[in-house]
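The structure appears below as structure tokens.
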Amino acid sequence: MTYDPQVAKWFNKVDTNRTGMLNAEELQLALRNNDLTTFDIETVSLMIRMFDKDNTGTIDVNEFCQLWKYLGDWRGSFDRFDRDGGGSIDERELGNALNELGYRLSPQFVMEAMKKFDFRRERRLQFDGFVHCLILLQRLTTGFQQFDTQRNGNAYFSYEGFLTAVFKHT
Ligand SMILES: [Ca+2]
Ligand SMILES: [Ca+2]
């Protein structure tokens, strides 16, 4: 496949031990928020689970280019939802984002989501928390919809059915 030489260059720069692969620590250095903090390690692990197609536990340059493109798309929506251009997503902006993306969720839920993904306890989401939140929401919504057979926002779960759905989608 072809890849962006700039992205490959960045890959080589963060592959400090020159293995041709990024481990979690190296990948963490490669992924930055707008305030230049590195991604939270939980989000880095999520990225590895999603993009480590050959199951090496590390990210090679091809996987990295895919990941970079994926995050670039998310970056676009992040910037769009960061209405005040402050480089982060506050509770109000998150509420609007979820609404625009078609989620019907209460202010109470938005508050809980803020708490969970505000990794640095600053009452706003950096890019990592925003992406992490939306990926989990997407996946869990898909998981839920498989049980919500009447499409009315309610589903019946057995205990094990619930656990299986959560394990499968997170
Ligand atoms: Ca890999
Ligand atoms: Ca903002």
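It should be emphasised that the depicted structure is a prediction, and the values quoted were computed from it without experimental measurement. Remember, it's 1-based here, ligands and their atoms both numbered in the order they're listed.
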Angle at the Ca ion (ligand 1) between OE2 of Glu63 and OD1 of Asp52, to 10°? 90°
To the nearest 0.5 Å, how far apart are NE2 in His132 and NZ in Lys116?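 The NZ atom of Lys116 is 7.0 Å from NE2 of His132, to the nearest 0.5 Å.
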So Phe127 and Phe39, would you call those rings parallel, tilted or perpendicular, with 30° and 60° as cut-offs?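 Judged by the thresholds at 30° and 60°, the geometry between Phe127 and Phe39 is perpendicular.
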Give a yes/no answer: is there an N/O/S atom of [X] under 3.0 Å from the Ca ion (ligand 1)?
X     : result
Asp60 : no
Thr58 : yes
Asn55 : no

Kindly give the atom name of the N, O or S atom of Asp54 closest to the Ca ion (ligand 1).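 For Asp54, the N, O or S atom at the smallest distance from the Ca ion (ligand 1) is OD1.
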Glu100 bridged to Arg80 by N-O distance under 4.0 Å: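 Salt bridge flag = yes for Arg80 with Glu100.
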Kindly indicate whether the side chain of Leu46, heavy atoms from C-beta on, has any atom under 4.5 Å from the side chain of Arg49. yes
Carefully, step by step, assess Ser77 and Asp73 under the rule side chain to side chain donor-acceptor pair (under 3.5 Å). CA-CA 7 Å; Ser77 28; Asp73 293 343; over 6 Å; no
Looking only at N, O or S atoms, which one in [X] sits nearest to the Ca ion (ligand 2)?
X     : value
Glu93 : OE1
Asp84 : OD1
Asp82 : OD1

Could you check whether any side-chain N or O of Thr37 sits under 3.5 Å from a backbone N or O of Asn33, counting only pairs where one atom can act as donor and the other as acceptor? no
